[in-house]
Amino acid sequence: MEHLAAEESSRFLPSALVAALRSTVQGSENRIARLLFKLTVEISMMMHVLAAGLEIDASQLDQLRWQCVQEVKKVNGGISFKDTLKQHEDE
């Protein structure tokens with residue numbers, strides 16, 4: 001009970017272990033942030049290429065955004081290009 005009530009885990013864990021855990025978490029956080037940055041750059045490039053080659057108005061874009069939000073919620077983020085292509089072929 002005392003462990004659960006404690007606000008700081010260092011009272012129960014050796015400081016070296018706490019430091020190692022913090023370092024591991026920080027390293028993972030930094031790696032994820034770098035990967036998200038790289039992914040965002042790639043998505044931005046793709047969006048610019050598509051915008052330059054397609055003629056789509058704001059209302060169509062809003063409708064597509066709503067559709068995509070609903071789809072991502074439905075599949076819990078598990079979207080693949082292959083599945084999306086198949087969906088468009090079936091229409």
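Every heavy atom of this structure was used, including side-chain atoms; hydrogens, water molecules and symmetry mates were not.
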Side-chain hydrophobic cluster, 4.5 Å single linkage: members besides [X]:
X     : answer
Leu36 : Ile32
Ile56 : none
Val25 : none

Going by the rule side-chain hydrogen bond (donor to acceptor under 3.5 Å, both in side chains), which residues pair with [X] if we only count those two or more places apart in sequence or in a different chain?
X     : value
Ser59 : Asp57
Asp90 : none
Asn30 : Gln26
Ser28 : none

Listed partners of His48 passing side chain to side chain contact (heavy atoms under 4.5 Å, CB included), at least two apart: Ser44
Sequence neighbours excluded, the answer for side chain to side chain contact (heavy atoms under 4.5 Å, CB included) partners of Val41 is Phe37, Met45
Enumerate the side-chain hydrogen bond (donor to acceptor under 3.5 Å, both in side chains) contacts for residues 67-81, please, sequence neighbours excluded, ordered by first and then second residue. Ser80-Asp83
Counting only heavy atoms from other residues, nucleotides and ligands, does the tally under 6.0 Å from CD of Gln60 exceed 12?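 For Gln60, atom CD is crowded (more than 12 foreign heavy atoms under 6.0 Å).
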So if I apply the side-chain contact (heavy atoms from CB on, under 4.5 Å) rule between Met47 and each of Ile43, Leu50, Val49, which one comes out positive? Ile43
Kindly work out whether a path of hydrophobic side-chain contacts (I/L/V/M/F/W/Y, heavy atoms less than 4.5 Å apart) joins Leu54 to Leu61.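 Different clusters: Leu54 never reaches Leu61 through Ile, Leu, Val, Met, Phe, Trp or Tyr contacts under 4.5 Å.
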